Protein chains: 2
Amino acid sequence: MSSCDTCVVRNRAICAGLDNAELVTLNAIGRRRTIAAGEPLIWEDDDSLLVANVIDGVLKLVTSTEDGREQIVGVAYPSDFIGRPFGQTTKASVVALTEAKVCVFARRDFDRFAGEHPALEHKLLERTLAELDRTRSWMMLLGRKNAAEKVATFLLEMADRLDDNRGCQAAAGPATRFALPFSRQQVADVLGLTIETVSRQFSRLKADRVIDLPSRRDVEILDRRALTAQAG
Amino acid sequence: MSSCDTCVVRNRAICAGLDNAELVTLNAIGRRRTIAAGEPLIWEDDDSLLVANVIDGVLKLVTSTEDGREQIVGVAYPSDFIGRPFGQTTKASVVALTEAKVCVFARRDFDRFAGEHPALEHKLLERTLAELDRTRSWMMLLGRKNAAEKVATFLLEMADRLDDNRGCQAAAGPATRFALPFSRQQVADVLGLTIETVSRQFSRLKADRVIDLPSRRDVEILDRRALTAQAG
DNA sequence: GTGCTGATTTGACCGGGATCAACGCGGGAT
DNA sequence: ATCCCGCGTTGATCCCGGTCAAATCAGCAC
């Protein structure tokens with residue numbers, strides 16, 4: 001994606017308000033990095049050594065119990081910020097779901113830079129508050145929605161988020177057809193369900209002609225109204 | 001609590017780094033307010049008109065579906081910040097669980113003040129990041145833990161948080177005996193369970209001599225090790 | 001004290017989603 | 001083409017936690 005070539009400059013979300021000299025400095029301390037699908041970038045409960053900026057691709061934030069249960073607690077799309085600035089340890093692993101391009105900063109460097117550039121901290125605060133809102137509405141889903149509502153809500157959010165982030169161009173309304181960056185197991189880990197339940201809900205929605213599943217990873221929303229109704 | 005008399009000055013969490021003149025200005029735009037138990041301060045999906053600083057008491061942040069299901073998505077204790085700065089609408093209602101003292105700011109005033117005082121924004125960013133971490137670990141609980149694990153985790157967190165916030169004095173390790181600020185229904189709303197299930201888990205823990213329930217709102221942890229084991 | 005009211009506990013039963021198991025499909029290697 | 005192998009789907013059964021109902025308890029007014 002040519003307009004995303006430089007590491008940070010094009011990231012309007014983080015960089016709005018920074019002047020050119022500041023952007024040059026920020027670029028200087030960041031390092032471009034490509035992560036293969038399935039590769040981790042940050043480990044749960046590790047020292048918080050790096051933070052990063054997603055340029056392209058999708059990553060999951062995941063926590064797990066000793067006995068192997070996983071819960072995906074967040075999903076990072078292009079222009080999202082990942083990692084834990086101003087903190088000693090990370091509380092979630094970050095793993096690439098697709099091949100991902102990120103701009104990595106040593107946390108200490110980033111913290112220092114941020115402390116000296118209030119405009120950056122302000123943007124970061126706004127994003128963090130928005131992420132907190134999103135996370136809280138996901139709690140509603142996990143705690144109070146049934147399997148059908150969870151899957152419908154998930155598909156609608158997917159359509160929105162994947163569209164919002166189609167490269168650097170302007171958004172063009174929610175997508176009706178898209179490639180899921182998740183396996184069935186990962187969908188289950190997002191929704192607090194099992195793989196079998198997710199599969200059954202997908203099959204049911206397909207049988208009811210609410211969605212179509214042209215291939216394992218592709219979804220087409222046929223009846224957005226019905227899907228919205230089922231999201232509760 | 002005498003050392004908390006002024007509205008903002010004593011709130012180390014938000015105000016560290018502000019000089020005296022700044023504190024005076026911030027105090028000037030805030031208004032002290034007492035909320036009776038059960039009274040709302042902020043409504044879900046409303047315009048974001050005010051933000052506030054908790055001085056004393058406990059409040060819940062709650063979202064609900066049209067059909068009346070509720071999920072508590074956060075709990076605010078003294079020194080916590082509530083409301084949605086830099087945003088048009090609020091995504092959760094805020095309701096006092098106990099009588100609560102808060103320092104209320106018109107959001108516009110607060111936003112402007114924050115924009116002019118990077119030290120305040122920095123503190124707010126740190127708190128928001130910490131809250132996001134806490135919220136994400138709560139997602140693990142909602143999505144992947146069973147009823148016994150949820151209740152055990154809840155009691156342990158309660159003991160920690162209530163102790164951390166005993167007035168303005170220093171913490172003295174997690175409490176073993178405390179008054180729950182929640183009704184059984186509210187515990188259920190935090191954990192994504194029903195009131196009956198919560199009650200049964202409490203009864204079971206009492207029968208197993210892991211906790212004691214001297215009265216409906218009081219809890220005493222008799223066997224912290226066992227409780228920790230059950231938290232998963 | 002009695003009676004009222006709402007919260008909590010306890011019991012009986014049921015169902016949604018988990019679990020266990022078998023099967024199908026599709027893409028890659030050869 | 002065939003064989004794998006991992007992912008996904010479908011079926012059968014089970015059980016945890018929800019639902020409905022009744023009993024009990026704690027305040028509070030009088």
Side-chain angles (χ1 to χ4, degrees), chain A residues 36-38 60 65 67-71 97-98 140-155 179-208 210-219 230 232, chain B residues 36-38 60 65 67-71 97-98 140-155 179-208 210-219 230 232:
Chain A
K60 66 174 180 177
T65 54
D67 61 342
R69 287 173 284 179
E70 284 204 352
Q71 176 67 49
L97 293 178
T98 62
M140 172 82 226
L141 173 141
L142 287 174
R144 292 297 184 205
K145 289 191 176 180
N146 63 27
E149 293 170 323
K150 284 180 177 181
V151 170
T153 307
F154 171 81
L155 288 172
L180 272 185
F182 299 101
S183 68
R184 292 288 184 272
Q185 180 61 62
Q186 287 159 348
V187 176
D189 287 340
V190 171
L191 299 177
L193 296 172
T194 58
I195 185 174
E196 294 93 334
T197 300
V198 171
S199 179
R200 274 185 256 270
Q201 293 299 328
F202 273 45
S203 299
R204 189 182 54 75
L205 287 170
K206 183 179 181 180
D208 294 351
V210 176
I211 62 170
D212 190 28
L213 300 168
S215 82
R216 288 182 166 181
R217 288 294 186 113
D218 292 312
V219 177
Q230 298 210 20
Chain B
K60 65 173 178 178
T65 54
D67 61 343
R69 286 174 284 179
E70 284 205 351
Q71 177 67 46
L97 293 178
T98 63
M140 173 81 226
L141 173 141
L142 288 174
R144 291 297 184 206
K145 289 192 175 181
N146 63 27
E149 293 171 323
K150 284 181 177 181
V151 170
T153 307
F154 171 79
L155 288 173
L180 272 184
F182 299 101
S183 69
R184 292 289 184 273
Q185 180 61 62
Q186 287 160 347
V187 176
D189 287 340
V190 171
L191 298 178
L193 295 171
T194 59
I195 185 174
E196 296 92 334
T197 300
V198 171
S199 180
R200 274 186 257 269
Q201 293 299 329
F202 272 45
S203 298
R204 188 182 54 74
L205 287 171
K206 183 179 180 180
D208 294 350
V210 176
I211 62 170
D212 190 27
L213 300 168
S215 84
R216 288 183 165 181
R217 287 295 184 115
D218 292 313
V219 178
Q230 298 210 18

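Sequence lines set the chain letters: A, B, ... in the order given, protein chains first and strands last, and positions in each chain run from 1. Fair warning: this is a prediction, and the values are worked out from it, not measured in the lab.
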Could you identify which residues of residues 140-148 of chain B place a heavy atom less than 4.0 Å from some atom of DNA chain D, listed by residue number, or say none? B:Asn146, B:Ala147
Under the side chain to side chain donor-acceptor pair (under 3.5 Å) test, which residues partner A:Glu70, sequence neighbours left out? none
Can you list the residues that meet the side chain to side chain donor-acceptor pair (under 3.5 Å) rule with A:Ser203, with sequence neighbours excluded? none
Tell me, please, which residues at least two apart from A:Asp218 pass side chain to side chain donor-acceptor pair (under 3.5 Å). A:Ser215
Main chain of B:Asn146, side chain of B:Glu149: is a donor-acceptor contact present, judged purely on distance under 3.5 Å? yes
What's the spacing between A:Leu180 CG and A:Arg216 CZ if we round to 0.5 Å? 13.0 Å
Using a 4.0 Å cut-off to any heavy atom of chain B, which nucleotides of DNA chain C are the first and last in contact, reading 5' to 3'? C:dG6 to C:dA12
Scan nucleotides 6-11 of chain D nucleotide by nucleotide, 5' to 3', and note B when protein non-hydrogen atoms come under 4.0 Å of the base, S if they reach only the sugar-phosphate, - if neither. BBSBBB
Those residues of residues 186-193 of chain A lying under 4.0 Å from DNA chain D by at least one heavy atom: none
Which residues pass the side-chain contact (heavy atoms from CB on, under 4.5 Å) test with A:Glu196, sequence neighbours left out? A:Thr194, A:Arg200
Set of side-chain contact (heavy atoms from CB on, under 4.5 Å) partners for B:Leu97, sequence neighbours left out: B:Val58, B:Lys60, B:Phe182, B:Gln186
Just how large is the angle between the end axes of the helix from C:dG1-D:dC30 to C:dT30-D:dA1, five pairs per end, to 10 degrees? 40°
Restricting to side-chain contact (heavy atoms from CB on, under 4.5 Å), what partner residues turn up for B:Asp208, sequence neighbours left out? B:Arg204, B:Val210
Salt bridge (charged side-chain N to carboxylate O under 4.0 Å, His left out) pairs, two or more places apart, involving residues 179-188 of chain B: none
